[in-house]
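Below: the structure, in structure tokens.
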Amino acid sequence: MTTPARPADMSDLEWLVAMEEIRQLKARRDRYVDAHDWDALQALHAPDHISYHSAVPGADEPVAWTTSDEMIRNVKYIMTEIDDVTIHHSYDPEIHFDSKTNARGVWAMCSAKVSDGTKNRAEWQITHGYYYETYEKREGRWLFTT
């Protein structure tokens, strides 16, 4: 990301409030995924959300989901039919505002997956990497858009 962290017309207070709102958005997303709270998770995403998922079983390349409905349906399947218990942690955000209502973020992440051993696979797995996301403020609240 090579643009400034915020546009010139965004005040210090607007910037700090927006940063915290996006941090809270991300925190809720991690928690709702692990809690399997699908309605609450979907409410954090724009209806036209686009998601690229690299952990789709049988897929050689990341799969694109082009609506929040499609993303939730697939994440729900992955999390309930394939995974057992997950724990997601996101930290060290780099958030850049392209305007007062559009932002991009990169978050370091670590997740753990624990299986009870009944699905013929490893009983635990640790994953780490980065989330690359975009956000848009719509009707007064920040939502994930990609």
Side-chain angles (χ1 to χ4, degrees), residues 1-7 10 14-139 141-146:
M1 295 184 191
T2 58
T3 60
R6 64 180 170 159
M10 192 176 207
E14 288 173 316
W15 179 70
L16 289 170
V17 168
M19 289 285 281
E20 184 58 22
E21 288 173 345
I22 290 172
R23 285 186 184 113
Q24 292 295 315
L25 178 72
K26 182 66 171 178
R28 287 191 303 273
R29 185 180 189 194
D30 285 356
R31 183 166 52 87
Y32 294 158
V33 165
D34 293 335
H36 297 189
D37 189 339
W38 310 121
D39 292 334
L41 180 65
Q42 184 160 8
L44 303 178
H45 297 80
D48 56 342
H49 177 269
I50 297 173
S51 181
Y52 301 94
H53 200 285
S54 61
V56 176
D60 294 329
E61 295 187 19
V63 173
W65 299 323
T66 58
T67 67
S68 63
D69 287 337
E70 182 180 21
M71 187 255 321
I72 293 296
R73 184 174 54 253
N74 285 297
V75 169
K76 181 178 179 180
Y77 171 77
I78 290 168
M79 299 288 291
T80 58
E81 298 299 322
I82 297 170
D83 291 343
D84 291 306
V85 176
T86 59
I87 302 166
H88 288 80
H89 290 192
S90 299
Y91 50 92
D92 294 339
E94 299 173 54
I95 301 171
H96 293 260
F97 291 85
D98 296 317
S99 72
K100 289 181 176 185
T101 59
N102 287 285
R104 297 172 286 132
V106 179
W107 295 75
M109 63 79 69
C110 181
S111 67
K113 179 171 33 175
V114 180
S115 169
D116 63 8
T118 62
K119 297 178 182 173
N120 296 321
R121 62 178 198 287
E123 292 197 21
W124 63 271
Q125 178 182 13
I126 303 293
T127 305
H128 53 87
Y130 295 92
Y131 286 117
Y132 295 85
E133 302 170 334
T134 62
Y135 322 94
E136 188 175 317
K137 192 169 190 176
R138 297 184 183 177
E139 298 179 10
R141 61 187 209 114
W142 287 97
L143 298 170
F144 290 97
T145 52
T146 61

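Every residue two or more places apart in sequence or in another chain that forms a side-chain contact (heavy atoms from CB on, under 4.5 Å) with I50 is listed here: Y52, T146. Considering only residues two or more places apart in sequence or on other chains, S111 meets the side-chain contact (heavy atoms from CB on, under 4.5 Å) condition with H88, M109, T127. With sequence neighbours excluded, no residue satisfies side-chain hydrogen bond (donor to acceptor under 3.5 Å, both in side chains) with S51. Applying the ring pair (Phe, Tyr, Trp, His ring centres under 6.0 Å) rule to W107 yields no partners; only residues at least two apart in sequence or on another chain are considered. In this structure K100 satisfies the salt bridge (charged side-chain N to carboxylate O under 4.0 Å, His left out) test together with E14, sequence neighbours excluded. Annotation: side-chain contact (heavy atoms from CB on, under 4.5 Å) contacts of E20 (sequence neighbours excluded): R23, Q24. Applying the side-chain hydrogen bond (donor to acceptor under 3.5 Å, both in side chains) criterion to H45, with sequence neighbours excluded, gives R29. With sequence neighbours left out, E21 forms a salt bridge (charged side-chain N to carboxylate O under 4.0 Å, His left out) with K137. In this view, S99 and T101, N102 satisfy the side-chain contact (heavy atoms from CB on, under 4.5 Å) rule, not counting sequence neighbours.
For the atom pair NE2 of H96 and CZ of R104, the computed distance is 7.0 Å after rounding to the nearest 0.5 Å. Expressed to the nearest 0.5 Å, how far CH2 of W65 lies from CD of E70 amounts to 8.0 Å. Distance check, rounded to the nearest 0.5 Å: CG of D98 to CD of E136 gives 11.0 Å. The distance from the CD atom of E139 to the CZ atom of R141 is 8.5 Å, given to the nearest 0.5 Å. How far OH of Y135 is from CD1 of I22: 6.0 Å, rounded to the nearest 0.5 Å.
Checked by atom type and distance alone, the side chain of D30 pairs as donor or acceptor with a backbone atom of S90 at under 3.5 Å. Here the side chain of S68 pairs no donor or acceptor atom with the backbone of Q42 at under 3.5 angstrom.
Between F97 and A103, the closest heavy-atom pair is CD2-CB, 3.7 Å. A46 approaches L143 most closely through the heavy-atom pair N-CB, 3.9 Å. Smallest separation of non-hydrogen atoms from W15 and A5: NE1-O, 3.9 Å.
Taking the six-membered ring where tryptophan is involved, the planes of F144 and H49 are perpendicular, since the angle between them exceeds 60° and thus also 30°.
Residue pairs meeting the salt bridge (charged side-chain N to carboxylate O under 4.0 Å, His left out) criterion with at least one partner in residues 35-49, sequence neighbours excluded, are D48-R138.
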Pair R28, L44 - check side chain to side chain contact (heavy atoms under 4.5 Å, CB included), show working.
CA-CA 8 Å; R28 287 191 303 273; L44 303 178; 3.8 Å; yes
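Looking only at side-chain heavy atoms (C-beta outward), W38 and V75 come within less than 4.5 Å of each other.
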